[in-house]
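Worksheet for the structure shown next.
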Amino acid sequence: MPTSEDFGAIRLTLELATVVTLLLLILGTPIAWWLARTRSRLRSSVGAIVTLPLVLPPTVLGFYLLLLMGPSGFLGHLTQSLGLGLLPFTFPGLVIASTLYSLPFFVQPLQNAFEAIGDRPLEAAATLRASPLDAFFSVAVPLAKPGFVTSSFLSFAHTVGEFGVVLMIGGNIPDKTRVISVQIYNHVEALEYTEAHWLAGGMLAFSFLVLVAMNALKPRQKAAEP
Amino acid sequence: MEETIMKRIVFGLLLLCSASASADEVRVAVAANFAAPMQKIAADFEKDTGHQAVLSFGATGQFYAQIRNGAPFDVLLAADEETPMRLEKDGAAMAGSRFTYAIGKLVLWSPSPGLVDARGAVLEKAGFGHLAIANPRLAPYGAAAMETLTKMNLADKLQSKIVEGENIGQTFQFVATKNAALGFVALSQVTKDGKLESGSAWVVPGKLYTPIRQDAAILSRGRNNPAALALAKYLRGAKAGAIIRSYGYDL
């Protein structure tokens, strides 16, 4: 049976994934919109930066975040001068690392959805005197709904399953930074295979259900209009 | 016609088998904390005996799971005593092949000069942010650190300051990047040729923790491998011993 420590890890993981997904909705949406619409020369570079966490090993990302958020790092200087202390080994630190790590999983599907809308609906909105912001919320967002569904569910599931980065900057503190994947690792390393199976099997089933829900919620793509 | 082809194939296969038998290669699973000295020892071993040692570094618990599931290792250099013992009980290691190849020493270390005093009194004052230790449930150095804190009656007082690395390598990283002000790490990580490389340190007296014995065992797969037997012997020799000591381990 799962222990109380396991339940603590489950609660913490769900909290983390929820906060990260909400944060990505706020931060990732403008990035995806900009990437989909811009003609700037910076587009390919920004796109590459957003995609980097997808191709980098989590330990590399975790290690650089540890340096960056540490006392000699840029972010560490910033948070200390703001009186926030240092981020590693804290829940906010995990949130920042996970947001960065899940960024490509959020931005890419949404960017594709925005690109699929094309110029015409927005031009039509403009001729009806909709401001760009109005056009975005009343035309682009509803049309890109499948993209929002995919992006949010993928980021949520990806944060739940994340391991390398949180291991690197977490410090394994119960109820603060010890998420499910770290707890599974602890069980496996301590040869507690029964406990590991409870959590690992649970995570497998959960992730499967999240992806099923994602596919079920996504409206069927209509055939492209000529 | 067909028969000659068959013969050739069989002959070829036989050649392959004998070639791999005389190449005398030993595959070694090495606890991550022993990576640096083992690379040196393996180079000498190759020079002195002609056998080749192929090294894989990792966590001892992971090696256990891999070996139990058929991983192709001949020798295990574990970070603890229990894992080789357990493998022998499981029948996955050769009975009577276990021996202690190194004894780890615990050190309280900080990259900041002057933070750690020569008696570890800095722990009582507790004027620091985070204290890093290895996970006491998984890593022998972590268990030793916890034992030390308990013996000093500081375990409860410092509990809120402790951050855990999953292994002694990550614990070292937490301290080296200054995210934790100080931490209990392996002496082998902070000394070179018997001298502290940087920062300040307190070598924890042996009476405060159970010796961290790192045991080796010949695994079932290496039972008939001359290179595996040779390596086990070589590790106990004077030349390997000198290397092991120079990295801050006891024998």
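Order of the sequence lines sets the chain letters (A, B, ...), proteins ahead of strands, with each chain counted from 1.
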Does the side chain of B:Glu164 reach to within under 4.5 Å of the side chain of A:Ile173, using non-hydrogen atoms? no

For B:Ala180 and A:Phe89, work out which heavy atoms get closest and say how close. N-CE1, 4.2 Å

Using side chain to side chain contact (heavy atoms under 4.5 Å, CB included), reason through A:His187 and B:Arg137 one step at a time and then give a plain yes or no. CA-CA 10 Å; A:His187 282 318; B:Arg137 279 176 64 230; 4.2 Å; yes

More than 12 heavy atoms of other groups within 6.0 Å of A:Lys145 NZ: no

Let me see the working for A:Leu86 and B:His130 under side chain to side chain contact (heavy atoms under 4.5 Å, CB included), right down to the final yes or no. CA-CA 10 Å; A:Leu86 289 172; B:His130 289 293; over 6 Å; no

So, the part of B:Asn179 with a heavy atom under 4.5 Å from chain A: the answer is both

Residues, nucleotides or ligands: over 12 heavy atoms within 6.0 Å of B:Asp156 CG: no

Region of A:Met69 in contact with chain B, defined by heavy-atom distances below 4.5 Å: backbone

Report yes if some heavy atom in the side chain of B:Gln62 is under 4.5 Å from a heavy atom in the side chain of A:Tyr185; otherwise report no. yes

Are side-chain heavy atoms of A:Asn172 and B:Val163 found at a separation under 4.5 Å? no

Selection from B:Thr177, B:Thr60, B:Thr171 maximising heavy-atom pairs under 4.5 Å formed with chain A: B:Thr177

Nearest heavy-atom contact between A:Met168 and B:Gln173 is CE-OE1, 3.0 Å

Where does A:Leu167 contact chain B at under 4.5 Å (heavy atoms): side chain, backbone, both or neither? both

Does atom CZ (A:Phe74) have a neighbourhood of more than 12 heavy atoms from anything else shown, all under 6.0 Å? no

Should we say atom CZ of B:Phe99 is surrounded by more than 12 heavy atoms from elsewhere, each under 6.0 Å from it? yes

